[in-house]
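Just below is one structure, and these are the notes that go with it.
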Amino acid sequence: MSIPIRTPTWVSKRRLFEQKLSELHKCTNLNHLKQVHAQIVKTNLHQDPFVAPKLITAFSLCRQMALAVNVFRQIQEPNVLLYNTLIRAHIQNSQPSQAFSTFFEMQSSGMWPDNFTYSFLLKAVSGQSSLPLVQMIHTHVEKSGFCSDIFVPNSLIDSYSKCGSAGVRAARKLFTAMNERDVVSWNSMIGGLVKAGDLGEARRLFDEMPERDTVSWNTILDGYVKAGEMTAAFELFEKMPERNVVSWSTMVSGYSKTGDMDMARMLFDMMPIKNLVPWTIIISGYAQKGLAKEAITLFNQMEEAGLKLDDGTIISILAACAESGLLGLGKIVHASMERTRFKCSNQVSNALVDMYAKCGSLDKALRIFNGMGNRDIVSWNAMLQGLAMHGHGEKALQLFFRMKEEGFEPDKVTFVGVLCACTHAGFVDDGLHYFHTMERDYGIVPQVEHYGCMIDLLGRGGRLKEAFRLIQSMPVEPNAIIWGTLLGACRMHNAVELAEEVLKCLVKLEPSDPGNFSILSNIYAAAGDWDSVSNVRLRMKSMGIQKPSGASSLEVDDEVHEFTVCDRSHPKSDRIYHMIDKLGQHLKKVGYVPRAY
DNA sequence: CTAGGGTTAG
C-alpha cells in the first residue's frame with residue numbers, strides 16, 4: 001500500500017503559474033496575461049524568484065514595460081537573474097537608456113553583474129554605435145573578470161566594430177589578445193573589417209581562419225557585394241560548400257544594387273527557399289529602377305504565397321516607391337496594410353508619409369501625418385520636405401513654425417527642407433536668413449547639402465555671383481552636385497561665361513558625365529553661339545562620350561510608358577503627334593512661352 | 001556573428 005506524497009500547495013501553484021506563463025510566451029495575449037497576473041498576486045506568488053522573471057518577460061513581450069517594471073519594483077531584494085531579465089526586457093522594447101539605468105541601479109545595490117548582464121548590455125549598445133559606451137562596458141568586463149568567457153568578448157568585438165575605424169582597431173586588439181577564439185570571434189572580426197570597408201584585411205582573416213561556417217562565407221560574400229565586386233562575389237558564391245537563404249539574398253541584393261535586375265531575378269527564381277527578405281529585395285530592386293509592372297506582379301505573388309508583411313518589407317518597398325515615384329505600388333502596399341489591419345509603427349507611418357509626399361500625393365501624406373499620435377522629427381522632416389519639393393514653400397514654412405510650437409527641435413535635415421522651401425517659393429532673402437539662424441540659433445554647422453540648397457536658392461534667384469562666391473568661401477570641398485546646381489542656374493539665366501568657368505570645375509569631378517556638356521551646349525545655343533555649340537559636340541565626340549536622349553515615363557494601369565524625342569515606334573504615332581500639336585497650339589493660345597535654347 | 005529598413009541639395 002503506498003501513500004501518495006502530496007506536494008505542498010504553494011509548490012504546485014508555482015508550477016501551475018510557471019506553466020501558464022510559459023504558455024503565454026507563445027501567444028502574447030494581454031488580457032489573458034492580466035488575468036494570470038491577478039491570480040498570481042492573489043496567491044502572493046508575484047514575489048517568487050521563479051515566477052517574477054517569467055512575469056516580467058511576459059509583460060515585455062506584450063510591450064507593457066510599465067507593468068514589467070511594476071513587477072520588478074514589488075521585489076524587495078532583486079537577484080541577478082531578475083535584474084538581467086529587466087535589462088533584457090528594456091532592450092527588447094528598444095529602451096536602451098532604461099536598460100543602462102537598471103544596470104547602474106544593480107551596481108549601486110551591490111549586486112555583481114554576470115556574463116548575461118554584459119551580453120544584454122552589449123546588445124543594447126550595438127545599435128547605438130557609441131564607442132564610449134562600448135569602452136565603458138569593456139572596462140566593467142575587465143574589472144569583473146568575465147573576459148575569460150567567450151560570449152562576452154565576442155559581443156564586445158561585434159559592438160566595437162560598429163563604432164567606426166577606431167572601434168575596429170579596438171576590436172582587433174581584443175581579438176588578438178584573446179587566448180581562445182571560436183568561429184564567432186573570427187566571424188565578428190571579419191564582419192567588423194567588412195563594415196569598415198577593409199575588404200583586403202577581411203579576406204586575409206577569412207583565408208587564415210581555421211574553420212569556416214556558412215556565416216563566415218556569407219560575411220565575406222557581403223564584403224564583395226558591398227564593394228560592388230559582383231564577379232568576385234559570384235566566384236565565392238559558387239565555391240561555397242553550403243548556401244542558405246542569407247547567401248542567396250546577399251547575391252540578389254548585390255545584383256539589384258548594381259542595377260542588374262536580370263541576374264538578380266535569375267538567382268531569386270533559383271532560390272530553393274525564400275522568406276520575406278529576398279522578396280523584399282527583389283521588389284524594392286524593381287521599384288527603385290522604376291519597373292512598376294514587375295514590382296507589382298511580384299508583390300502580388302508574395303502575398304499569394306501567404307507571406308505576411310512586416311516593418312522591414314513595408315519600409316523598404318515604400319522607400320523605393322518614394323525614390324522613383326511609383327505611387328501605384330505605394331498605394332497597393334498601403335491598401336494591403338489596411339486590409340490586413342497592419343499595426344503601423346512610427347517608422348512605417350513615416351515611410352508612408354514620405355512615399356505619398358515624394359510622389360506628390362500631398363493630401364494623403366498630410367492625412368497620415370496629421371493622424372499620427374507619435375510624430376517624431378523624421379515625420380516632420382518628411383512632410384516638410386514633401387511640401388517644399390512640390391512648390392508649397394509657404395505651407396512648408398508654416399509647418400516649420402508649427403513644428404517649433406509643438407516643441408520639436410529642428411535638425412540639419414529640417415533645414416534642408418526649409419531652405420528648399422524658400423527656393424521653390426522664391427524667398428531668397430528668407431532663405432539667407434534661415435541659413436544664418438541655423439548655425440547661430442540652433443548650433444547646426446552647415447553641411448555640403450545646405451550649401452547645395454543655398455547655391456540653388458541664390459542661383460535660381462539670379463544672384464549667380466553671390467552663389468559663386470559662396471562656393472569659394474565654403475569650408476567643405478564643393479562636389480559635383482554643387483557645381484551642377486550652379487551650372488543649372490547659369491542655364492536658367494543664360495550666363496555663358498560663368499557656365500564655362502563652372503564646367504571646368506565640373507569636368508575635374510565628373511570627367512565623363514555627358515549631361516554637363518549638353519547643358520553648356522544648350523547655354524551656347526540659347527545665346528546663338530552655334531560655333532561654340534559644335535565645339536562642345538566635337539569635344540564630347542573626341543572624348544568618346546554620348547548624351548543618351550532624355551526620356552520621360554508615366555504609369556497607366558500598372559504599366560510604364562516611356563517617351564523619347566522623335567520616337568515613332570508606336571503604331572499610333574501619327575495620332576499621338578497630331579494630339580501633341582493640338583495641345584501645343586492650345587498652350588500658346590493661353591499664353592505659354594516655351595523656354596528658348 | 002551573415003541578407004531587406006524612415007527624413008539630406010541638381
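Just so it is clear, the model here is predicted, and its values are computed rather than measured. In what follows, chains carry the letters A, B, and so on, assigned in the order in which the sequence lines appear, proteins first and then strands, with residues in each chain numbered from 1.
- What separates CE of M492(A) from C1' of dG10(B) is a distance of 10 Å, to the nearest Å.
- Taking every heavy atom of both residues into account, A322(A) and C359(A) meet most closely at CA-SG, 4.5 Å.
- The pair R375(A)-E406(A) counts as a salt bridge, with a side-chain nitrogen and a carboxylate oxygen less than 4.0 angstrom apart.
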*Determine, for nucleotides 1-6 of chain B in 5'-to-3' order, which nucleotides have protein heavy atoms under 4.0 Å from the base (write B), from only the sugar-phosphate (write S), or from neither (write -).*
BBBBBB
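- For A232(A), the side-chain contact (heavy atoms from CB on, under 4.5 Å) partners two or more places apart in sequence, or in a different chain, are Y224(A), E229(A).
- Here M337(A) pairs with L309(A), I314(A), V333(A), F342(A), C344(A), V348(A), L352(A) under the side-chain contact (heavy atoms from CB on, under 4.5 Å) rule; sequence neighbours left out.
- Here dG10(B) presents its C1' atom at 13 Å from CD1 of I523(A), a figure rounded to the nearest Å.
- The shortest side-chain heavy-atom distance between I471(A) and E466(A) does not fall under the 4.5 Å cut-off.
- Here D182(A) lies out of heavy-atom contact (under 4.0 Å) with every strand.
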*Using the side-chain hydrogen bond (donor to acceptor under 3.5 Å, both in side chains) rule, take S284(A) and S316(A) through it: C-alpha gap first, then chi angles, then the decisive distance, then the call.*
CA-CA 6 Å; S284(A) 307; S316(A) 178; 2.9 Å; yes
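- Looking at S349(A) and N346(A), their side chains never bring a donor and an acceptor atom within 3.5 Å of each other.
- Remark: V448(A), E449(A), G452(A), C453(A), D456(A) in residues 445-456 of chain A come within less than 4.0 Å of DNA chain B through at least one heavy atom.
- Separating the OH atom of Y356(A) from the P atom of dT7(B) is a distance of 16 Å, rounded to the nearest angstrom.
- Distance, L487(A) CG to dA9(B) C1': 15 Å, rounded to whole Å.
- One atom, CG of L509(A), and another, C1' of dA9(B), lie 15 Å apart when rounded to the nearest Å.
- The CG atom of L236(A) lies 6.0 Å from the CG atom of L221(A); values are rounded to the nearest 0.5 Å.
- Screening F435(A), F415(A), Y434(A) against Y442(A) for a ring-ring contact (aromatic ring centres under 6.0 Å, His included) leaves a single residue, F415(A).
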Which side-chain N or O atoms in residues 424-431 of chain A pair as donor and acceptor under 3.5 Å with protein atoms at least two apart or in another chain?
residue	atom	partner	partner atom	Å
D429(A)	OD1	R463(A)	NH1	3.3

*Please report the C-alpha distance between W380(A) and F400(A) in whole Å, then the side-chain angles of each, then the deciding distance to 0.1 Å, and finally whether the ring-ring contact (aromatic ring centres under 6.0 Å, His included) criterion is met.*
CA-CA 8 Å; W380(A) 289 94; F400(A) 175 62; 10.0 Å; no
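- Atom CD in E323(A) sits about 11 Å away from atom P in dA9(B), given to the nearest Å.
- For the segment residues 407-439 of chain A, residues with any heavy atom less than 4.0 angstrom from an atom of DNA chain B are, sorted by number, V413(A), V416(A).
- For the pair L470(A) CG and dA9(B) P, the computed distance is 17 Å after rounding to whole Å.
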